[in-house]
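Here is the structure we will look at.
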Amino acid sequence: MNGTPVRVSAPAEPYPFEFDSAHAALMCIDFQRDFVEAGGFGESLGNDVSTLRSAIEPTRRVLEMFRAHGWPVVHTREGHRDDLADLFPSKRDRGNPSLRIGDDGPMGRLLTRGSAGHDIIPELYPIEGETVLDKPGKGAFYATDLETILRASDVTHLVITGVTTEVCVQSTAREANDRGYECLILSDCTGSYFPEFHQSALDMFTAQGGIVGWVSTSDALLGAVEQASLTSGE
Ligand code: TIU
């Protein structure tokens, strides 16, 4: 709809997250088959990937809401160049895994751009007009043009979803916070292979008055946006 911008106040920890829709973007971090589906990179590290699935449906609802309003969406994908020239040996060899990044798996080469496993899951697949950002690291700002993209459209507030909570979501949120962005993580739209790490990461985020940012839920955000839209007559 791309109508008049609305002012949203979403219930959140440690206090309401307020933003002007003209300056907000949705981040969907690394919802890739390699992390969420069997046979991918996440499973090659010994993880039970089914633990991430609960984040998909709430994220789909939030994504639909951003699309309905015409608000910007950025999808990220962790992965490496075909020739692995951007893959540090430290990342390739850490943990001495049986399958390494770039090796062949059931969904093609693990965490390598162009392979089926590297792509985004069908449930949350990007549509035309949405940004797809490839990143070699855990944080989405490291070695990417994300900051330029956000500044070019005057984005100051980020709603963050994705996997995994304490790895790529947390790294991205911390990088964003240090760059002056106001960040809201939606707890039910993120997931970890370790439920206790999921909770700890969220707790660390909001402690000390919101030292890194805010945490809320998909329902709380959707309700707040609906309320704001009604009030503005959008
Ligand atoms: N292993 C794990 O929890 N996560 C990653 O390797 N990457 C992301 O979080 N995307």
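Side-chain atoms are counted along with the backbone in the values below, which use heavy atoms only and exclude waters and symmetry mates. Start at 1 and go down the list; that is how both ligands and their atoms are numbered.
- In the vicinity of Cys168, heavy-atom distances shorter than 4.0 Å reach the ligand 1 atoms 7 (N), 8 (C), 9 (O), 10 (N).
- At a threshold of 4.0 Å, the pair Asp103-Arg109 does not count as salt-bridged, since none of the basic side-chain nitrogens sits closer than that to a carboxylate oxygen.
- The closest protein non-hydrogen atom to atom 2 (C) of ligand 1 is Thr164 OG1, 3.6 Å.
- Distances between N or O atoms of Glu166 and those of ligand 1 include no value under 3.5 Å.
- Of the charged side-chain nitrogens involved, none lies within less than 4.0 Å of a carboxylate oxygen, so that Lys138 and Glu166 do not count as a salt-bridged pair.
- Screening Asp119, Asp34, Asp86 against Arg113 for a salt bridge (Lys or Arg N to Asp or Glu O under 4.0 Å) leaves a single residue, Asp86.
- Asp134 has a carboxylate O that lies under 4.0 Å from a charged side-chain N of Arg77, or vice versa, which qualifies the two as a salt bridge.
- Between Phe35 and Phe41, the ring planes are perpendicular. Angles over 60° get that label, and only those under 30° would be called parallel.
- Going from atom CD1 of Ile29 over to atom OG1 of Thr190 covers 11.0 Å, rounded to the nearest 0.5 Å.
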Verdict with supporting geometry, Gln199 and Asp203, side chain to side chain donor-acceptor pair (under 3.5 Å): CA-CA 6 Å; Gln199 194 53 53; Asp203 290 346; 3.0 Å; yes
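- When only interatomic distances are considered, the shortest N/O to N/O separation between Lys135 and ligand 1 does not fall below 3.5 Å.
- Here the protein heavy atom with the shortest distance to atom 7 (N) of ligand 1 is Glu78 OE1, 2.8 Å.
- The distance from ligand 1 to the heavy atoms of Lys138 drops below 4.0 Å at these ligand atoms: 5 (C), 6 (O), 7 (N).
- Listed by number with element, the atoms of ligand 1 under 4.0 Å from a non-hydrogen atom of Val163 are 8 (C), 9 (O), 10 (N).
- Among all non-hydrogen protein atoms, the one lying nearest atom 1 (N) of ligand 1 is Leu45 CD1, 3.9 Å.
- The Asp30 neighbourhood of ligand 1 comprises atoms 8 (C), 10 (N), with distances under 4.0 Å to a heavy atom of that residue.
- If you check which protein heavy atom lies closest to atom 5 (C) of ligand 1, you get Phe35 CE2, 3.4 Å.
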